[in-house]
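Letters go in sequence order (proteins before strands), and every chain restarts at 1.
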Protein chains: 2
Amino acid sequence: MPDQHTTLRARRRAETQRVIQAHAVRLFTERGYDATTVTDVADAAGVSPMTVYRHFPTKEDLVLVDQHGRLVAERIAASSVAQPLVRRIGGALIASAAMLTRGDHGDDPAADERFLLARLRLMISTPALRAKHLDSQYALQRAIVDALEDDATDPDTAFHAQVAASACLAAMHTALVRWAEDDGRTELPDLIAKALTAAFGDDFTEPTGGVSTPRR
Amino acid sequence: MPDQHTTLRARRRAETQRVIQAHAVRLFTERGYDATTVTDVADAAGVSPMTVYRHFPTKEDLVLVDQHGRLVAERIAASSVAQPLVRRIGGALIASAAMLTRGDHGDDPAADERFLLARLRLMISTPALRAKHLDSQYALQRAIVDALEDDATDPDTAFHAQVAASACLAAMHTALVRWAEDDGRTELPDLIAKALTAAFGDDFTEPTGGVSTPRR
DNA sequence: GCCAATCTGGTAGTTACTATCACCAAGGTA
DNA sequence: TACCTTGGTGATAGTAACTACCAGATTGGC
């Protein structure tokens with residue numbers, strides 16, 4: 001079996017996924033999420049409802065599926081253990097956001113950002129999407145804690161990591177909402193940095209050498 | 001019309017709600033949330049499925065409905081505007097948690113806490129419940145910001161309040177999860193205080209010019 | 001060209017939820 | 001007591017998100 005992702009099958013699979021998701025986000029934006037059935041999406045994409053469910057387990061996944069979690073976890077694992085927790089996590093969140101907004105795969109860089117904004121607006125305004133998105137952020141929180149590699153035998157250390165990760169993600173989420181309300185006019189990484197500074201103040205802005213506390 | 005809540009109708013209504021929710025949480029815990037249908041709950045409670053939907057708009061509400069949000073918002077509104085944000089919000093969260101765990105309406109005080117624990121365990125382990133619970137926390141975040149009464153004409157001030165509220169709630173949620181994992185053996189208010197301290201350090205523990213707080 | 005793996009589509013469910021109807025008890029009024 | 005409005009309850013029928021389960025078509029390695 002060729003582990004390359006460039007086999008014809010894999011390329012077709014990725015392409016149909018892209019097409020289905022694009023039509024889904026467009027229809028949801030035009031007619032509303034609840035007013036659009038999965039069958040509508042399937043018809044628009046030129047496939048059967050069954051195929052939609054094959055690629056996206058739930059209707060919500062048509063909007064929520066992305067690579068953000070993977071990006072963040074990789075950045076966390078690559079970050080220096082010497083830095084304070086909020087700085088490690090916050091830095092990874094900012095860097096990942098920069099990658100996402102810059103657009104990853106050529107073509108039209110602005111199109112990627114517009115698509116991201118459209119998805120984000122849906123995630124914020126539609127209760128079902130908002131709920132599942134928040135749950136995926138909760139999953140990301142656990143992934144972050146795992147990626148920190150604290151070898152946390154001490155329950156207090158583990159608790160500290162959980163708190164730091166959840167608070168950082170909450171701050172980022174607030175920045176995301178603000179970014180969407182602003183129609184993406186502000187730079188997202190800057191907004192996230194601002195949110196983290198608002199939450200943690202010096203603990204986030206000042207790196208390791210700071211006068212502030214290297215506390216428990 | 002008698003605005004008292006003690007009319008026969010209101011009492012019966014509250015009682016049926018209580019009975020339905022109790023049977024629901026019991027069945028969900030015994031058989032699992034997904035494996036239990038709304039009809040099962042209705043049968044156990046001795047009512048029709050329609051009646052269940054009259055009292056609880058969705059299946060998730062059978063577990064999620066509670067008074068926590070109202071408690072927190074009231075405490076926030078009653079807190080001193082002079083205090084820093086995280087302290088106002090954190091204080092309200094701790095005080096509300098104390099009220100919830102102490103049990104509010106007589107009878108068996110430990111029963112209230114056991115019921116709360118059972119609900120919380122379901123909220124954490126069942127994806128659908130977890131997602132909607134997180135979404136209700138997001139709604140609580142906006143309620144908190146409103147209750148702060150900042151008259152935030154300045155968008156930066158509003159942003160700061162959003163960030164503070166979301167980060168505090170994230171810390172509280174981490175404490176809730178820990179509390180459930182611990183089967184409620186630790187005092188919940190203490191856990192929340194610990195989480196807030198872990199997240200914000202001195203910003204939370206040290207009040208405006210005050211000495212350190214009597215924490216554990 | 002051949003076989004296994006995969007993609008796709010159709011049918012027939014289950015279940016959460018909604019809309020609409022009629023029935024009956026609660027509670028204030030004559 | 002008799003009446004009548006209000007609101008809780010229940011049955012029926014319908015929508016839509018899924019979930020097996022089965023059958024045909026296409027790809028990719030031999």
So does [X] pair up with [Y], basic N to acidic O under 4.0 Å?
{"X": "B/E187", "Y": "B/R102", "result": "yes"}
{"X": "B/E15", "Y": "B/R11", "result": "no"}
{"X": "B/R121", "Y": "B/D183", "result": "yes"}

Both A/Y33 and B/T51 contact DNA chain D. Taking the nearest nucleotide for each, which residue is further toward the 5' end? B/T51

For [X] and [N], give me the distance from atom [atom1] to atom [atom2], rounded to whole Å.
{"X": "B/D34", "N": "D/dA17", "atom1": "CG", "atom2": "C1'", "value": "14 Å"}
{"X": "A/F56", "N": "C/dT8", "atom1": "CZ", "atom2": "P", "value": "11 Å"}
{"X": "B/D40", "N": "C/dT14", "atom1": "CG", "atom2": "P", "value": "14 Å"}
{"X": "A/R13", "N": "D/dT26", "atom1": "CZ", "atom2": "C1'", "value": "14 Å"}

Taking any heavy-atom pair under 4.0 Å as a contact, classify A/P49: base, sugar-phosphate, or nothing.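 A/P49: no heavy atom of the nucleic acid under 4.0 Å.
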
Is A/T39 touching bases, backbone alone, or none of the nucleic acid, heavy atoms closer than 4.0 Å? nothing

Between D/dT27, C/dT8, D/dG10, which nucleotide has the shortest distance from any of its atoms to the side chain of A/R12?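 Nearest nucleotide to the side chain: D/dT27.
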
Heavy atoms from C-beta onward define the side chain here; which of D/dT12, C/dC7, C/dT15 lies closest to that of B/M50?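 For B/M50, the side-chain atoms sit closest to D/dT12.
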
For D/dG7, does the base pair up with any side-chain atom of B/R54 as donor and acceptor (N or O, under 3.5 Å, distance only)? no

List in chain and number order the residues that pass side-chain contact (heavy atoms from CB on, under 4.5 Å) with A/A198, two or more places apart in sequence or in another chain; answer none if no residue qualifies.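 By the side-chain contact (heavy atoms from CB on, under 4.5 Å) rule, A/A198 matches B/H160, B/V163.
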
